[in-house]
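Positions are given from 1 along the sequence.
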Amino acid sequence: MATTYPTTTRRARGPRISADERRAEIVEAAVTAFAANGYAGTSTETIADLAGVSQPYVFRLFGSKQELFLAAVDRAFGRVTLAFEAAARKPVGEIPGLHPILGSMAQAYHRLLADRSLLRIQLHAYAASSDPIVGAFVRQRYAALVHRVSDLSGVPAAELRGFFAEGMLMTVAASLDLTDADVAWTVMCDGGRA
């Protein structure tokens with residue numbers, strides 16, 4: 001089922017802005033649209049409508065739907081990277097069992113998950129990775145994020161793996177609106193159920 005978008009997300013036509021500014025607006029509209037309906041289920045016409053531009057203009061700036069999708073995915077990874085870098089500069093509080101920088105990054109990521117488009121486009125990016133070009137791009141961006149967190153935190157590989165595993169669990173749980181009560185984490189962790 002296709003998602004409808006509120007008319008308030010559509011940019012009102014106004015004074016002329018630069019191609020770079022318009023490109024950024026189109027990428028934000030693409031994040032919203034691809035997050036709602038995925039790569040295959042989203043048309044460039046829908047994205048153009050959300051951005052308040054013509055479809056030919058979208059193709060003039062991006063060349064193809066695939067390039068626009070990659071730009072949207074890149075924007076999502078960029079937001080996570082920037083949040084992690086900011087968190088590493090100013091660790092706040094401690095989370096038991098986590099290195100202070102990883103704890104700060106976990107808190108930053110938890111705040112990012114409030115943006116439903118950001119978390120859902122991540123999931124759609126992984127799902128669209130059967131396309132060779134998309135898959136190569138998503139692998140490269142994910143690996144770059146892992147390396148960046150490793151560089152910023154200096155933690156051993158096992159701790160880094162645990163951090164990213166927990167992050168994926170947070171992404172899926174937030175996407176499904178799950179709570180601890182929904183999935184009985186403590187029962188599963190205590191060995192009561194597989």
- [ ] Report yes or no: does R23 contribute a side-chain atom to a donor-acceptor pair with the main-chain N or O of L61 at less than 3.5 Å?
- [x] yes

Open item on the list: Test of understanding: clusters of I, L, V, M, F, W, Y form through side-chain heavy atoms closer than 4.5 Å, transitively. Do Y142 and L82 belong to the same one?
Closed with: no

TODO: Classify the ring geometry between F34 and Y39 as parallel (under 30°), tilted (30 to 60°) or perpendicular (over 60°).
DONE: tilted

Open item on the list: Using the rule that Ile, Leu, Val, Met, Phe, Trp and Tyr join whenever any side-chain heavy atoms are under 4.5 Å apart, tell me whether L113 and F84 fall into a single cluster.
Closed with: yes

TODO: With rounding to the nearest 0.5 Å, note down the distance linking CZ in R148 to CD in E85.
DONE: 4.5 Å

Task: Closest contact, heavy atoms only, V134 versus D131 - done: N-OD1, 2.9 Å

Task: Under 3.5 Å: donor-acceptor pair, side chain of E21, backbone of S18 - done: yes

Task: Shortest non-hydrogen contact from S117 toward V31 - done: CB-CG1, 4.1 Å

- [ ] Test V58 against R22 for side chain to side chain contact (heavy atoms under 4.5 Å, CB included), laying out the working first.
- [x] CA-CA 10 Å; V58 170; R22 183 70 73 194; over 6 Å; no

Task: same_hphob_cluster(V138, I133) at 4.5 Å side-chain heavy-atom cutoff - done: yes

- [ ] Return the minimal non-hydrogen interatomic distance between L68 and I26, and the atom names on each side.
- [x] CD1-CG2, 3.9 Å

Open item on the list: Does any part of the side chain of V172, heavy atoms only, come nearer than 4.5 Å to the side chain of S175, both counted from C-beta?
Closed with: no

Task: Beyond-backbone contact of Y126 with M168, side-chain heavy atoms, under 4.5 angstrom - done: yes

Task: Heavy-atom check, side chain of F164 versus side chain of V149, under 4.5 Å - done: yes

Task: Inter-residue atom distance Q55.CD - I47.CD1, 0.5 Å rounding - done: 9.5 Å

Task: From CZ (R89) to CG (L152), nearest 0.5 Å - done: 9.0 Å

Task: Heavy-atom closest pair, residues A71 and F62 - done: CB-CE2, 3.9 Å

TODO: First locate atom CD of Q140, then atom CG of L145, and finally report the distance between them rounded to the nearest 0.5 Å.
DONE: 11.0 Å

- [ ] Dump the intermediate steps for side chain to side chain contact (heavy atoms under 4.5 Å, CB included) on L160 and V146, then the final yes or no.
- [x] CA-CA 8 Å; L160 193 62; V146 172; 3.7 Å; yes

Task: Test item: T46 side-chain N/O and T42 main-chain N/O as donor-acceptor pair under 3.5 Å - done: no

Open item on the list: Give me the atom names and distance for the closest heavy-atom approach of A72 to V27.
Closed with: CA-CG1, 4.0 Å

TODO: First locate atom OG1 of T171, then atom CG of L123, and finally report the distance between them rounded to the nearest 0.5 Å.
DONE: 6.5 Å

Open item on the list: Looking at every non-hydrogen atom in both residues, tell me the closest pair between A35 and I121 and how far apart they are.
Closed with: CB-N, 3.8 Å

TODO: Could you give me the CA-CA distance, side-chain angles and deciding distance for D115 and R120, then say whether salt bridge (Lys or Arg N to Asp or Glu O under 4.0 Å) is met?
DONE: CA-CA 9 Å; D115 180 345; R120 287 194 172 122; over 6 Å; no

TODO: Can you measure from CG (L70) to CD (Q66) and round to the nearest 0.5 angstrom?
DONE: 5.5 Å

TODO: Ignoring hydrogens and angles, state whether a donor on the side chain of S104 or Q107 is under 3.5 Å from an acceptor on the partner side chain.
DONE: no

Open item on the list: In this structure, is the centre-to-centre distance between the rings of F163 and Y109 below 6.0 Å?
Closed with: no

Open item on the list: Around atom CD of E45, are there more than 12 heavy atoms from other residues, nucleotides or ligands closer than 6.0 Å?
Closed with: no

Task: pair I17-E25: side-chain heavy atoms closer than 4.5 Å - done: yes

